[in-house]
S.K.: 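The structure follows.
Just so we're on the same page: letters track the sequence lines, and every chain starts at 1.
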2 protein chains.
Amino acid sequence: MIGIGLEVAVEMVGDLVGTTIGAITRLIREQDLMPGDRLPSEAVLAKELQVSRTVVREAFRSLAAMRIIELATGKRATISPIDHGAMSLIIEHGVHTDQINVQQIYDVRRTIETRIVALAALRRTDEEAEEILALAGAMRAAMADPAQLMENDLAFHAALARASRNPVFALIVGAFQGITTQTWPIGWRSRTTAEARELMIATHERIAEAVAAGDPEQASGAMSMHFDDSVLALISAGLS
Amino acid sequence: MIGIGLEVAVEMVGDLVGTTIGAITRLIREQDLMPGDRLPSEAVLAKELQVSRTVVREAFRSLAAMRIIELATGKRATISPIDHGAMSLIIEHGVHTDQINVQQIYDVRRTIETRIVALAALRRTDEEAEEILALAGAMRAAMADPAQLMENDLAFHAALARASRNPVFALIVGAFQGITTQTWPIGWRSRTTAEARELMIATHERIAEAVAAGDPEQASGAMSMHFDDSVLALISAGLS
DNA sequence: AACAAGAACCTGTCATACAGGATGATCGGA
DNA sequence: TCCGATCATCCTGTATGACAGGTTCTTGTT
């Protein structure tokens with residue numbers, strides 16, 4: 001193929017659905033639509049863009065898959081608040097097709113979450129500090145119930161991300177949630193001794209306390225230790 | 001609403017398309033399909049899942065939007081290699097709806113990319129080192145041509161991400177590419193003096209040299225400086 | 001002014017149709 | 001036997017029409 005520098009983005013000629021997706025996102029941009037705002041009905045868009053309702057529907061489905069809009073029976077499509085659902089599925093797909101391994105995800109999480117706790121220590125509100133401490137406490141209380149423990153663990157990391165006051169951090173942490181629910185039990189089961197399990201809980205408590213105390217170095221250090229421990233647990237379980 | 005802890009994931013009852021998406025992803029998982037492998041035809045899936053072809057098509061479109069599968073006229077749907085296209089659109093949507101601001105994206109990029117260059121310095125192959133140096137050189141050569149300069153800049157950061165040998169890092173860097181193409185010119189125009197522009201190029205060269213020399217601290221430091229400079233440029237341009 | 005009933009609108013799903021691209025089987029020739 | 005061209009077949013992209021059920025707005029009543 002002769003190298004032509006031109007790149008056609010989402011809208012390839014001949015792909016009506018792609019073109020329509022482009023038209024709709026342009027509409028959102030130009031009309032400055034905000035989350036909750038309603039889009040025109042499928043019929044109106046179809047007439048306006050000179051395509052069949054089929055095409056508009058497939059474009060809507062595409063945007064809904066990326067959580068850019070929300071669909072519901074009878075109602076008109078609305079603009080979505082940002083949500084990590086789609087990213088979660090993308091990551092899961094990468095892992096299930098062996099394009100990403102769990103270790104690599106943990107490396108990225110470590111990078112991001114050590115930064116998150118440092119920011120959280122500096123920026124958290126008192127309510128957030130309380131919530132984070134409470135979740136660490138809930139983890140200890142749920143030590144005998146892995147499912148509950150995992151849920152609290154995920155909520156703990158999500159709360160930290162929110163306290164960092166940067167929605168992009170929260171989005172990325174959320175993106176790893178899907179695959180984490182699938183690998184977390186492996187890590188937990190590989191911690192066979194009471195000491196190993198106690199250590200994991202205690203580390204979370206240390207993180208929570210450092211964030212509550214407003215100490216970014218301590219928080220980062222504890223989070224880093226948490227990841228050392230977790231990666232080790234996964235490796236010892238034989239996870240590539 | 002009474003707090004029910006149960007969360008229904010993608011597949012809500014009554015939503016045939018959602019159910020079908022679930023069935024297809026399960027199929028991918030259970031049959032261990034790899035990128036390039038072909039899925040059953042729409043007609044076959046429709047019959048097997050007892051739904052109309054319409055529903056299968058909308059499910060396919062959803063998966064294609066997330067770049068989990070690839071569609072093409074006449075051909076059967078195939079499994080996709082991981083790709084940041086969908087994430088790019090999600091981020092752009094977040095920015096355009098004021099749910100994310102550019103500063104927050106740069107904070108995340110700084111966190112990630114300072115780590116990326118450290119890893120790249122340790123792991124890059126000689127070919128990658130050459131490529132990275134070449135791209136820095138190309139940036140200097142294109143100083144008079146902003147469009148070309150930007151393209152080289154993006155390619156530079158992408159090459160570093162690849163050299164980190166962690167596809168998740170590459171994925172995240174790619175996710176910011178879409179919005180970056182929209183904000184980059186603002187930052188460049190705000191560098192009004194020849195010195196400011198020279199500094200930006202020189203910083204990229206320092207990063208490239210540190211990575212080529214295998215010096216992670218130097219590389220991280222230079223990257224951090226690059227982001228200090230970039231954030232300042234954007235702020236001085238009035239970008240929230 | 002509050003409210004309730006009904007009309008009008010909208011989405012979810014299905015069936016059918018057809019143009020044009022892709023693929024594989026078949027058959028003739030070397 | 002092997003290669004290559006041809007063509008039937010399969011497959012996707014798009015359009016149209018239909019209908020069930022959910023939502024919203026209007027209108028008329030109290």
S.K.: Evaluate the side-chain proximity of R110(B) to Y106(B): yes if any heavy-atom separation is below 4.5 Å, no if none is.
M.R.: no
S.K.: How long is the straight-line distance from CD1 of I82(B) back to CD1 of I68(B), given to the nearest 0.5 Å?
M.R.: 11.5 Å
S.K.: Let me know the distance between CD1 of I21(B) and P of dG12(C), rounded to the nearest Å.
M.R.: 12 Å
S.K.: In whole Å, I'd like the distance from the CD atom of E70(A) to the P atom of dT23(D).
M.R.: 14 Å
S.K.: With axes from five pairs an end, tell me the bend angle of the helix from dA1(C)-dT30(D) to dA30(C)-dT1(D), nearest 10°.
M.R.: 10°
S.K.: Between residues 72-79 of chain A and DNA chain D, which residues have a heavy-atom gap below 4.0 Å?
M.R.: T73(A), G74(A), K75(A)
S.K.: Using atom CG of D15(B) as one end and atom P of dG21(D) as the other, report the distance to the nearest whole Å.
M.R.: 17 Å
S.K.: Under 3.5 Å, side chain of T111(B) to main-chain N/O of I112(A), donor-acceptor pair present?
M.R.: no
S.K.: Is there side-chain contact between H157(A) and M223(A), with at least one heavy-atom pair below 4.5 Å?
M.R.: yes
S.K.: So, does S164(A) use its side chain to make a donor-acceptor pair with the main chain of I116(A) at under 3.5 Å?
M.R.: no
S.K.: Which of residues 28-38 of chain A have a heavy atom under 4.0 Å from DNA chain D?
M.R.: R38(A)
S.K.: Would you list the pairs meeting salt bridge (charged side-chain N to carboxylate O under 4.0 Å, His left out) in which at least one residue belongs to residues 39-48 of chain B, sequence neighbours left out?
M.R.: E42(B)-R53(B), E42(B)-R57(B)
S.K.: Which nucleotide in the set dT13(C), dT16(D), dC11(D) lies at the smallest distance from any side-chain heavy atom of S52(B)?
M.R.: dT13(C)
S.K.: I need the L160(A) CG to R124(A) CZ distance, nearest 0.5 Å.
M.R.: 11.5 Å
S.K.: Calculate, to the nearest 0.5 Å, the distance between atoms CD1 and NE2 belonging to I91(A) and H96(A) respectively.
M.R.: 12.0 Å
S.K.: Could you state the CG-C1' distance from L71(A) to dT11(C), rounded to the nearest angstrom?
M.R.: 9 Å
S.K.: Using whole Å, what does the distance between atom P of nucleotide dC14(C) and atom CD of Q50(B) come to?
M.R.: 10 Å
S.K.: Compare all side-chain heavy atoms of R115(A) with those of F169(A) and state whether any distance is below 4.5 angstrom.
M.R.: yes
S.K.: So, does R165(A) use its side chain to make a donor-acceptor pair with the main chain of R123(A) at under 3.5 Å?
M.R.: yes
S.K.: So if I take residues 53-60 of chain A and measure heavy-atom distances to DNA chain C, which residues fall below 4.0 Å?
M.R.: R53(A), R57(A)
S.K.: Give the rounded distance in Å between these two atoms: NZ of K47(A) and C1' of dT16(D).
M.R.: 14 Å
S.K.: For a side chain to side chain contact (heavy atoms under 4.5 Å, CB included) with L63(B), tell me which candidate from L71(B), I24(B), I79(B) qualifies.
M.R.: I24(B)
S.K.: Closer than 3.5 angstrom, by distance alone: can the side chain of D83(A) be matched with the main-chain N or O of R67(A) as a donor-acceptor pair?
M.R.: no
S.K.: Indicate every side-chain donor-acceptor pair of residues 30-41 of chain B with a distance under 3.5 Å to a residue at least two apart or in another chain.
M.R.:
residue : atom : partner : partner atom : Å
D37(B)  : OD2  : M34(B)  : N            : 2.8
S41(B)  : OG   : V44(B)  : N            : 3.3

S.K.: Whole angstroms only, please: what is the CD-C1' distance between E42(B) and dG13(D)?
M.R.: 9 Å
